[in-house]
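Residue numbers count from 1 along this sequence.
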Amino acid sequence: MTLKTLGAKAAAALDQELMSTCAFSIDQLMELAGLSVSQAVYRVHPPSMGRKVLVACGPGNNGGDGLVAARHLFYYGYHPSIFYPKRSKNELYQRLAKQLEDLQVPFVQDFVSAAENTDHIVDAIFGFSFSGEVREPFPAVIEALQISDKPVTSVDAPSSWDIEQGPPKSGLGSSFMPTALVSLSAPKPLVKHFTGRHFVGGRFVSPMIAEKYNFQVPEYEGVDQVVEVDVTGRKL
């Protein structure tokens, strides 16, 4: 059995189809994605291992998933903090940030210092659409992630990795290997380079859409929004 993956173009097309043919709104998809991420964090790092979780959010959809995950983690009993240096002017992201502010979840300015004083880090900076160079202010964040001894859960892609080719061959991000990866909707080709715990979260993809895009929807248990899989895609 070979793990089926979706490249960047197919993943973008799937997202568009979910919001057109399948009639989902971006708000719904982001809420479900963030819920999946929060459940994966709970599996990898239950509150008994430490309740402080630092969520690093980029300016796009990946960052939005991180904001949603942080809200759920708060209600699970964690103490999240948010690093969100490039806030989007989009109303959806502003509402997600406001929800966290109303919970008195702190927004931090110094990622490096915050990373030294947390128990777990969620990497929600760059997603499957990332390509090219890491731009400011994120190079220092990627550097801190790759040298940190704290467990890290990445959302859809370890930030700085190429969606098709995986980690950079050298330099920034080349030695970044998160503890866990949450592939949203379906795994991306970079997973063949990943050696940590791998979860799939996408309990909103219909069998019809999965068949069209030629990937398998894993068998979710009970109310779970994530499934842990091995390198072949087999459920663990």
Side-chain angles (χ1 to χ4, degrees), residues 15 24-47 49-88 90 92-108 111 114-115 118-130 138 141 145 148 150-159 178-188 196-204 220 223-228:
D15 270 7
F24 283 95
S25 68
I26 189 170
D27 303 52
Q28 284 180 291
L29 294 175
M30 201 165 284
E31 188 66 29
L32 291 166
L35 178 60
S36 298
V37 172
S38 71
Q39 288 196 0
V41 171
Y42 191 91
R43 296 263 290 271
V44 171
H45 190 97
M49 295 177 64
R51 295 178 181 269
K52 292 184 290 185
V53 179
L54 173 62
V55 184
C57 297
N61 290 352
N62 207 250
D65 296 342
L67 295 173
V68 172
R71 170 164 38 81
H72 287 292
L73 290 169
F74 173 89
Y75 285 111
Y76 299 166
Y78 292 91
H79 305 307
S81 58
I82 313 297
F83 177 73
Y84 190 28
K86 296 187 70 174
R87 292 201 185 199
S88 172
N90 182 290
L92 169 58
Y93 302 99
Q94 291 180 344
R95 286 190 280 112
L96 293 175
K98 174 67 163 54
Q99 291 161 11
L100 291 166
E101 290 166 348
D102 287 350
L103 295 174
Q104 298 184 321
V105 171
F107 283 70
V108 302
F111 178 83
T118 193
D119 299 310
H120 193 92
I121 301 171
V122 175
D123 160 30
I125 303 172
F126 304 126
F128 69 77
S129 60
F130 172 78
F138 295 108
V141 177
L145 285 172
S148 176
K150 304 296 173 66
V152 178
T153 296
S154 287
V155 179
D156 221 19
S159 291
T179 310
L181 172 67
V182 186
S183 293
L184 297 171
S185 300
K188 313 308 184 292
R197 294 179 67 178
H198 182 206
F199 296 85
V200 176
R203 205 169 185 176
F204 46 83
Y220 294 90
V223 297
D224 289 352
Q225 299 297 310
V226 290
V227 175
E228 187 169 5

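- Here the closest heavy-atom approach between residue V155 and residue A124 is recorded as CG2-CB, 3.9 Å.
- Taking every heavy atom of both residues into account, A157 and L181 meet most closely at N-CD1, 3.7 Å.
- Proximity of a side-chain donor or acceptor of S38 to a complementary backbone N or O of L35 within less than 3.5 Å is detected.
- Taken to the nearest 0.5 Å, the CZ atom of F128 stands 9.5 Å off from the CG atom of L184.
- Contact detail for S185 and V200: the closest heavy-atom pair is O-CG1, 4.3 Å.
- At distances below 3.5 Å, at least one donor-acceptor pair connects side-chain atoms of Q39 with backbone N or O atoms of Q225.
- Contact between F83 and V108 at its shortest, heavy atoms only, is CD1-O, 3.6 Å.
- Checked by atom type and distance alone, the side chain of K86 never pairs as donor or acceptor with a backbone atom of Y84 at under 3.5 Å.
- Between the NE2 atom in H120 and the NZ atom in K52 there is a gap of 14.0 Å [rounded to 0.5 Å].
- Taking CG of L67 as the start and OH of Y93 as the end, the distance is 9.0 Å to the nearest 0.5 Å.
- With hydrogens and angles ignored, the 3.5 Å screen pairs no side-chain donor or acceptor of D65 with any backbone N or O of A33.
- Nearest heavy-atom pair, A180 versus V44, reported as atom, atom and distance to 0.1 Å: CB-CG2, 3.8 Å.
- Counting heavy atoms of neighbouring residues, nucleotides and ligands inside a 6.0 Å radius, atom OH of Y220 exceeds 12 of them.
- Put simply, the side chain of S154 never gets that close to the backbone of P178: no donor and acceptor are under 3.5 Å apart.
- Interatomic distance, R95 CZ to L100 CG, rounded to the nearest 0.5 Å: 13.0 Å.
- Residues F138 and F126 place their aromatic rings such that the two centres sit under 6.0 Å apart.
- Distance check: K150 NZ to I121 CD1 gives 7.0 Å after rounding to the nearest 0.5 Å.
- By the 30° and 60° cut-offs, the orientation of the rings of Y78 relative to H45 is tilted.
- The minimum heavy-atom distance linking S88 with Q94 is given by the pair O-CG, 3.7 Å.
- Remark: the backbone N or O of D156 is not paired with any side-chain donor or acceptor of S183 at under 3.5 angstrom.
- Distance CZ/R51 to OH/Y76: 14.0 Å, rounded to 0.5 Å.
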